[in-house]
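Below is one structure, written out as structure tokens; comments come after it.
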Number of protein chains: 2
Amino acid sequence: MPATIRDVARASGVHISTVSRTFSAPHLVNPETRVRVLASAEELGYRPNRAARALITGRTHNIGLIIADIANPFFPPLIKAAEGQARHRDYHVFVADTNEDPTAEEELVHALAKQVDGVLLCSPRMSNSLIEQVSREVPVVVINRQVAGLPCVMMDVGQGARSAIEHLLGLGHRRIALLGGPRGSWTNREIRRAAGAAARAGGAELTLLGPNPPTETGGGAQAEQVRRSGVTAVLAYNDLMAIGLIEGLDQLGLRVPQDVSVVGVDDIALSRLTRPKLTTVATPTAAAGRTAVDMLLQHDSEPRPRGGGRSAAVGDRRTTAQVMLQTELVIRDSTGPVPETGRTRPGGTPESPGPHRLADPGGPARTTGGVVAS
Amino acid sequence: MPATIRDVARASGVHISTVSRTFSAPHLVNPETRVRVLASAEELGYRPNRAARALITGRTHNIGLIIADIANPFFPPLIKAAEGQARHRDYHVFVADTNEDPTAEEELVHALAKQVDGVLLCSPRMSNSLIEQVSREVPVVVINRQVAGLPCVMMDVGQGARSAIEHLLGLGHRRIALLGGPRGSWTNREIRRAAGAAARAGGAELTLLGPNPPTETGGGAQAEQVRRSGVTAVLAYNDLMAIGLIEGLDQLGLRVPQDVSVVGVDDIALSRLTRPKLTTVATPTAAAGRTAVDMLLQHDSEPRPRGGGRSAAVGDRRTTAQVMLQTELVIRDSTGPVPETGRTRPGGTPESPGPHRLADPGGPARTTGGVVAS
DNA sequence: CTGAAAGCGCTAACAT
DNA sequence: ATGTTAGCGCTTTCAG
């Protein structure tokens with residue numbers, strides 16, 4: 001069992017408060033006693049118990065980062081950026097993965113609550129009211145979602161989706177599908193809203209496919225639906241789904257971008273490695289991570305009143321900023337001009353339409369949760 | 001500031017110990033008082049402070065997972081598996097990323113130490129003596145490394161590397177490069193040892209290239225060296241490097257597997273998505289995560305003696321098991337027969353050898369840290 | 001500069 | 001079934 005402050009005090013012949021000072025306010029202790037204390041501490045392998053310390057100081061110097069799916073390459077840059085920023089300010093980051101499960105999410109906030117000074121809720125799947133509730137237990141900054149009254153860092157995926165649709169319109173596409181993401185995703189709603197409006201404005205038809213799990217599998221599973229729907233372009237909820245979809249289309253004999261154009265969202269590193277390279281809406285993930293940490297720790301340097309209860313120091317809400325980070329469409333190889341005269345379908349099946357597919361789509365796609373907007 | 005147990009006691013007119021019992025041993029309290037207490041708690045938004053609780057029980061019901069690089073897709077399956085197993089046993093997992101930095105690694109162990117009941121050290125980069133030292137502060141299970149006296153979960157990459165080399169030998173390759181990973185990696189040493197022995201046994205020459213950062217960039221950066229070295233096959237430290245290398249070779253005009261065969265290690269999901277699909281040594285990452293959690297929590301159900309200091313309950317060393325998990329070579333499309341007559345190099349440069357490259361290699365490659373084994 | 005004392009929020013004997 | 005008491009390991013007034 002690890003040595004405690006008392007063991008060190010005994011070994012070095014001083015009172016425990018002197019040992020305490022040696023570690024938390026070294027300048028307040030006589031240099032000679034300090035070295036004696038340090039020596040005993042070293043010898044006993046003593047390390048201050050940060051949990052006990054936090055109980056009284058109210059500060060752990062840790063921050064929690066809760067994310068929906070650690071396997072999604074979208075998150076690592078955000079995590080790294082948050083870690084870097086936290087490190088600058090002498091904080092450590094603990095990451096928790098929720099597996100896209102709202103229940104796990106809530107549990108994890110509570111598990112983390114008293115082990116950290118604040119929590120970054122990244123792409124939360126729980127309800128707004130629950131978010132508000134947990135924010136009364138521990139300071140929270142929300143990433144990738146707007147919650148009234150709470151500090152939020154968002155990325156303007158609405159603008160991104162608009163640019164994507166306009167890009168596709170410019171290439172002549174008029175029948176476009178939106179490959180939706182998971183239920184409960186704010187990003188998903190934003191994309192749908194903005195893409196719908198842009199399509200409407202451009203006189204295009206937007207077919208909604210989803211909700212889907214935001215993974216390659218989720219994207220690939222909709223390849224058949226995309227084929228049936230007769231669209232010439234697809235905007236996917238994220239790059240992973242876009243890549244999965246391209247794979248799936250490939251297996252159906254449909255080429256990207258010759259037969260179908262595909263746009264993703266996120267600009268994960270992988271999107272430059274696949275063939276074709278993915279056209280996608282780049283989101284400023286690293287900036288989001290840094291900003292969120294800054295917002296959480298903005299009052300870090302202020303003094304704390306005594307008497308327990310975490311004070312205004314971390315996550316105070318006097319200045320509940322909500323910041324919207326800009327996105328940017330990066331055009332690569334997965335988008336191209338609309339096929340001239342409808343398309344011949346190499347992987348043709350009985351449902352496969354003739355060359356006049358474009359003129360005679362045979363009605364909107366029927367999908368679980370599918371909708372036709374405009 | 002959050003409500004404490006005292007607030008609830010006051011509000012419901014009972015002693016704080018009754019409130020405590022209501023939450024930690026509900027069956028010991030009268031149903032009627034229980035509902036009263038619960039009601040006040042609900043109303044006040046009271047949540048037991050798990051840090052304070054841990055201070056006395058010695059159990060946080062959290063476990064820490066320290067990994068070298070959260071951006072490496074090798075880890076997520078391990079993380080998910082650990083989380084799942086932990087969840088079964090009513091534990092939560094906090095992940096910390098070290099960025100391949102031994103210093104950050106040590107800091108994070110200390111930051112986590114008292115917030116968790118034990119730590120899983122995954123592919124640690126710090127020295128064995130440091131690992132032993134931190135293991136005196138908090139129970140530790142080491143993954144992907146062998147440390148005497150500590151519980152370890154390893155994957156038999158040695159066997160995997162041997163299979164990979166034998167596979168290449170079977171395809172006729174006699175000049176093979178080993179694309180090394182990061183310094184301080186146990187896996188790296190194992191691979192080098194086993195691959196060296198297998199190459200020697202098969203009468204092949206093994207050129208060592210490295211150390212390198214275990215990333216796509218790290219792999220791609222060695223493409224030129226690989227070309228110069230005149231090898232016909234490469235075994236990479238991991239899939240990421242293998243994929244990066246294939247990219248790099250592609251840009252030099254070398255085709256995989258026609259000109260060069262490439263084998264990775266890990267079998268990350270991505271290795272099935274790239275073209276060509278990667279031949280690789282599949283490591284049982286999920287099993288490793290589960291096993292490590294089991295080893296850490298093996299004495300979880302035992303009673304704990306009173307008097308502070310975490311006891312035998314978690315991470316006890318009475319049974320310091322070291323388990324070695326099996327690996328398996330999965331053959332896909334990135335390996336093929338050795339080029340018949342040396343290879344014509346589409347991307348040929350002044351250094352480019354003629355068709356008799358194989359017979360006249362012009363000496364071993366000179367690389368930073370490069371060695372020629374056998 | 002150092003010691004004494006109080007207490008962070010909670011649990012766990014021990015009584016009653 | 002509930003209250004009393006004594007701390008877990010540490011920090012922080014307050015004296016001296």
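Per chain, numbering begins at 1; letters A, B, ... match sequence-line order. What you are looking at is a predicted structure, and each value in this text was computed from that prediction instead of being measured.
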What is the distance, to the nearest angstrom, from the NE2 atom on His15(A) to the P atom on dT11(D)? 13 Å

Need one value for Ser17(A): base, sugar-phosphate or nothing, where a base atom within 4.0 Å counts as base even if backbone is also close, heavy atoms only. base

Nearest whole angstrom, please: distance from the C1' of dC10(D) to the NZ of Lys114(A). 18 Å

Using atom types as modelled and distance alone, determine if a side-chain donor or acceptor of Arg47(B) lies under 3.5 Å from a backbone N or O of Gly45(B). no

Donor-acceptor pair (no angle test) under 3.5 Å: Arg50(B) side chain, dG9(C) base: no

If you assign each of Ala52(B) and Val29(B) to its closest nucleotide in DNA chain D, which residue comes earlier from the 5' end? Val29(B)

Gap between atoms CZ and C1', on Arg10(B) and dG9(C) respectively (whole Å): 13 Å

Decide yes or no, distance alone: a donor-acceptor N/O pair under 3.5 angstrom between the base of dG3(D) and the side-chain of Arg21(B). yes

Among dC10(D), dG3(D), dT11(D), the nucleotide that comes nearest once only the side chain of Ser24(A) is considered: dT11(D)

Would you mind telling me which of dT11(D), dG9(C), dC10(D) lies closest to the side-chain atoms of Thr57(A)? dT11(D)

Nearest-nucleotide pick for Ile5(A), side chain only, options being dC10(C), dG9(D), dT2(C): dG9(D)

Can you tell me how far C1' of dT11(D) sits from CG of Leu28(A), to the nearest Å? 12 Å

Pairing of Arg125(B) and Glu105(B) as salt bridge, 4.0 angstrom limit: no

Spacing of Ile67(B) atom CD1 and Ile70(A) atom CD1 [to the nearest 0.5 Å]: 6.0 Å

So that I can tick it off, tell me whether Asp69(A) and Lys80(B) are bridged by a salt bridge, with the cut-off set at under 4.0 angstrom between side-chain N and carboxylate O. yes

Using a 4.0 Å heavy-atom cut-off, does Thr4(A) contact any base of the nucleic acid, only the sugar-phosphate backbone, or nothing at all? sugar-phosphate

Please work out if Val14(A) contacts a base, only the sugar-phosphate, or nothing of the nucleic acid, heavy-atom cut-off 4.0 Å. sugar-phosphate

Within this structure, what is the CZ-to-P distance between Arg6(B) and dG3(D), rounded to whole angstrom? 14 Å

Using a heavy-atom cut-off of 4.0 Å across all strands, would you classify Arg34(B) as base, sugar-phosphate, or nothing? nothing

For a quick check of understanding: with a heavy-atom distance under 4.0 Å over all strands, which category does Ser20(B) fall into, base, sugar-phosphate or nothing? base

Protein-nucleotide distance (Asn49(A), atom CG; dG9(D), atom C1'), rounded to Å: 6 Å

Can you measure Ile56(A) atom CD1 to dC8(D) atom P for me and round it to whole angstrom units? 15 Å

Students often get this wrong, so: under 4.0 angstrom with heavy atoms, is Phe23(A) touching a base, only sugar-phosphate, or nothing? nothing

Rounded to the Å, how far apart are Arg59(A) CZ and dC10(D) C1'? 17 Å

Closest heavy-atom contact between Lys114(B) and Ala51(A)? O-CB, 3.8 Å

